[in-house]
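Notes follow the structure.
All residue numbers in this chain count up from 1 along the given sequence. Please read all numbers here as calculations on a predicted model, not as lab measurements.
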Amino acid sequence: MHEMALTESIVDIICEEARKQGFGKVRVVRLRVGAMAHVEPEALRFCFDAVSRGTVAEGATLDIRRPPGEAWCFDCGKTVAMEERFGACPDCGGRRVQMTSGDELRIDELEVD
C-alpha cells in the first residue's frame with residue numbers, strides 16, 4: 001500500500017512546517033488528491049490516523065478534495081475531461097493530450113493553533 005509512504009511524507013511536511021512556523025497543533029489538513037492520482041482517499045485517512053500519532057497532526061481532520069481529470073488536447077485545442085491517464089481525447093479521438101488536472105497530490109492548507 002503506497003498510501004502509507006505518501007502519508008508519512010505528508011506528516012513529515014506538516015511537522016517541518018510546524019517547526020518553521022511555530023504552530024503547536026493542526027486541526028484540519030486540506031489535501032488535493034486528483035481523481036487520477038492512483039491514491040485511495042480512505043486508505044490515506046486510515047494511514048493518517050496511524051502515522052500522525054504523537055505528532056502535531058494527531059487528531060487532525062483530513063479534508064480531501066478530488067478534482068476530476070482534465071487534459072489539454074493538442075489536436076483539437078480544447079481542455080477536455082479525462083477518465084484515464086493516457087486515454088484519447090473524448091472529443092476528437094486524438095492521442096496528443098497533456099494532463100492539466102486530476103493527477104495531483106498536495107497539501108492545500110492547514111488549519112492550526
* Mind listing the closest non-hydrogen atom pair of R66 and G34 along with its distance? => NH1-O, 3.4 Å
* Sequence neighbours excluded, every pair satisfying side chain to side chain donor-acceptor pair (under 3.5 Å) that has a member inside residues 43-57 -> E42-R45
* For V112, check side-chain contact (heavy atoms from CB on, under 4.5 Å) against everything at least two apart and list the hits. => F23, V26, L110
* Structure fact -> Nearest heavy-atom contact between C73 and C92 is SG-SG, 3.6 Å
* **Contact check, side chains of F48 and V29, non-hydrogen atoms, under 4.5 Å** => yes
* Is any side-chain heavy atom of D113 less than 4.5 Å from a side-chain heavy atom of R27? -> yes
* Tell me whether V28 is reachable from I10 by hopping between hydrophobic residues (I, L, V, M, F, W, Y) whose side-chain heavy atoms are closer than 4.5 Å. => no
* Can you list the other members of the hydrophobic cluster that holds M36, where links are side-chain heavy atoms under 4.5 angstrom apart? -> V80, M82, V97, M99
* Partner set under salt bridge (Lys or Arg N to Asp or Glu O under 4.0 Å) for E17, not counting sequence neighbours -> K20
* Asked: salt bridge (Lys or Arg N to Asp or Glu O under 4.0 Å) with D63: which residues, sequence neighbours excluded?
  -> R30, R65
* Indicate the atoms forming the closest heavy-atom contact of P90 with A81, along with that distance. => CG-O, 3.2 Å
* Asked: To the nearest 0.5 Å, how far apart are CE in M4 and OG in S9?
  -> 12.0 Å
* Asked: Atom CZ in R32, atom CD in E109: separation rounded to 0.5 Å?
  -> 10.5 Å
* **Pairs where residues 79-88 contributes a residue and the test salt bridge (Lys or Arg N to Asp or Glu O under 4.0 Å) is met, not counting sequence neighbours** => R85-D103
* Structure fact -> Rounded to the nearest 0.5 Å, the CD1 atom of I64 sits from the CG atom of L31 at a distance of 5.5 Å
* I13 and I107, any side-chain heavy atoms less than 4.5 Å apart -> yes
* **Side chains of V39 and E3 in contact at under 4.5 Å (non-hydrogen atoms)** => yes
* What pairs meet the side chain to side chain donor-acceptor pair (under 3.5 Å) rule with one or both residues in residues 90-100, with sequence neighbours excluded? -> D75-R96, K78-D91
* Asked: When rounded to the nearest 0.5 angstrom, what distance separates CH2 in W72 from SG in C89?
  -> 10.0 Å
* **Check: E8 and V51 side chains under 4.5 Å, non-hydrogen atoms** => yes
